[in-house]
Amino acid sequence: MLGGEYITVTERVAAVSAVLNNIRHLGILQPILDDKEITEVMINGPDCIFVEKAGRLYHRPEKLESNKQLEDIIQKIVGQVNRTVDSLNPICDARLKDGSRVNIVLPPIALNGATVTIRKFPEKVISFEDLISFGAVSEEAAQFLESCVRAKYNIFVSGGTGSGKTTFLNALSNFIPEDERIITIEDSAELQIKRVQNLVRLETRQANTEGKGAISMRDLIKSSLRMRPDPMVATGKFEMSGVKMQLK
């Protein structure tokens, strides 16, 4: 019985799940994020949600109750990674606990209301064997790239949005010898390097509400050069020589 009315077991489970998602997770967005077939979630204000599944965009029927509810979810996301987004700093990159990349743009920059774009990454890191089987790269190209990584050449990976830069860089990192020391530098941490134990992960930091405390990509690269990197894997937009890999 709930509120004086009898409900079915299915309804009870759904109610408990909804309450748990609102308290512990991201509300009505959580079931969407839990769908492994969905690769991207696009929220254009509280009443407009799109998802990408199998390379196609679909409109979802779910709607948030208000702008306030959407803003609460946004603050929960950025709070988990110690970032700040508000009217003074309306643009922010963050990530979820599972590594999904999040971009947030708030009004007045976003005219339709707060805009959130969540790029999900596969649980299994794609290898070059997978890329070869997909026909995305030839065996000869894979062998050449492996030789370049092992010979410590500087490698730059660039491309348009959604072109697979992070996926390719994760696959490329598997060629780095396991006995080397890797330092990763990222705007928002999303690389998945599993094989190497001697791994240091660094992430930039935005300024606080007083405009202080910012740590830039340049700051981290300067510091990392004193940390004995073998390869340095850096992702972001910057200009500096001596970088092992760069993702733009």
Side-chain angles (χ1 to χ4, degrees), residues 39-40 77-78 80-84 91-104 117-131 136-137 142 145-207 213-248:
T39 55
E40 194 152 8
I77 291 173
V78 300
Q80 292 174 346
V81 290
N82 298 316
R83 301 225 166 180
T84 302
I91 300 175
C92 178
D93 289 319
R95 68 180 184 280
L96 302 182
K97 291 181 179 180
D98 64 359
S100 299
R101 184 175 63 204
V102 183
N103 175 263
I104 299 166
T117 307
I118 303 173
R119 170 70 60 82
K120 296 171 61 180
F121 295 103
E123 294 180 355
K124 175 183 177 295
V125 178
I126 294 178
S127 65
F128 259 89
E129 288 76 12
D130 296 322
L131 294 176
V137 65
L145 289 169
E146 180 177 7
S147 299
C148 290
V149 172
R150 294 187 178 277
K152 302 184 183 298
Y153 277 87
N154 291 333
I155 300 176
F156 295 81
V157 180
S158 64
T161 302
S163 61
K165 300 183 297 297
T166 302
T167 298
F168 184 80
L169 190 53
N170 277 324
L172 202 62
S173 68
N174 288 326
F175 293 145
I176 299 174
E178 295 183 14
D179 60 349
E180 291 193 348
R181 174 176 170 85
I182 300 178
I183 298 178
T184 66
I185 302 172
E186 304 178 73
D187 282 327
S188 181
E190 55 192 47
L191 291 174
Q192 297 173 294
I193 299 177
K194 307 288 187 182
R195 302 169 56 253
V196 178
Q197 292 185 340
N198 198 350
L199 171 66
V200 178
R201 304 178 68 205
L202 304 178
E203 185 179 52
T204 61
R205 185 177 69 187
Q206 295 177 312
I215 304 295
S216 68
M217 184 76 71
R218 186 177 293 271
D219 295 331
L220 292 179
I221 290 178
K222 182 178 179 180
S223 179
S224 69
L225 294 175
R226 300 185 178 95
M227 298 169 67
R228 198 203 175 279
D230 285 325
M232 182 193 303
V233 184
T235 70
K237 295 181 179 179
F238 60 93
E239 295 180 2
M240 181 173 283
S241 61
V243 179
K244 174 69 179 180
M245 299 180 187
Q246 177 174 344
L247 171 63
K248 289 189 176 181

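The figures here come from the full heavy-atom set of this structure, side chains too, leaving out hydrogens, waters and symmetry mates. Along the sequence shown, residues are numbered consecutively beginning with 1.
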Task: Rounded distance (nearest 0.5 Å) linking atom CZ of R101 with atom CD1 of I118 - done: 12.0 Å
Task: Verdict with reasoning, T204 to R83, per side chain to side chain contact (heavy atoms under 4.5 Å, CB included) - done: CA-CA 10 Å; T204 61; R83 301 225 166 180; 3.7 Å; yes
TODO: Mind checking the CD1-CD1 spacing from I104 to I91? Nearest 0.5 Å is all I need.
DONE: 11.5 Å
Task: Considering all heavy atoms, the nearest V196-L199 contact - done: O-CB, 3.8 Å
Open item on the list: Working to the nearest 0.5 angstrom, can you tell me the gap between I126 CD1 and L131 CG?
Closed with: 6.5 Å
TODO: Quick one: closest heavy-atom pair of I185 and S224, and the distance?
DONE: CD1-OG, 3.5 Å
Task: Partner of I215 under side-chain contact (heavy atoms from CB on, under 4.5 Å), chosen from Q206, E203, R205 - done: R205
- [ ] Kindly indicate whether the side chain of I77, heavy atoms from C-beta on, has any atom under 4.5 Å from the side chain of L96.
- [x] yes
Task: Closest heavy-atom pair and its distance - M227, R181 - done: O-NE, 2.7 Å
Task: Nearest-0.5 Å distance that lies between atom CZ in F175 and atom CD1 in I155 - done: 9.5 Å
- [ ] Kindly indicate whether the side chain of E190, heavy atoms from C-beta on, has any atom under 4.5 Å from the side chain of T184.
- [x] no
Task: E180 bridged to K152 by N-O distance under 4.0 Å - done: yes
Task: L191 backbone acceptor or donor facing E186 side chain under 3.5 Å - done: yes
Open item on the list: Within this structure, what is the CG-CG distance for the pair D230 and D179, rounded to the nearest 0.5 Å?
Closed with: 8.0 Å
Open item on the list: Give me the atom names and distance for the closest heavy-atom approach of V137 to F128.
Closed with: CG1-CD2, 4.0 Å
Open item on the list: Keeping S216 on the side-chain end and D219 on the backbone end, is there a donor-acceptor pair under 3.5 Å?
Closed with: yes
Task: Closest contact, heavy atoms only, M217 versus D187 - done: CE-OD1, 3.4 Å
Open item on the list: What's the separation between atom CD in Q192 and atom CZ in F121, rounded to the nearest 0.5 Å?
Closed with: 7.5 Å
Task: T167 (side chain) donor-acceptor with G164 (main chain) under 3.5 angstrom - done: no
Open item on the list: Testing the basics here: between S173 and R195, what is the closest heavy-atom pair and its distance to 0.1 Å?
Closed with: O-NH1, 4.1 Å
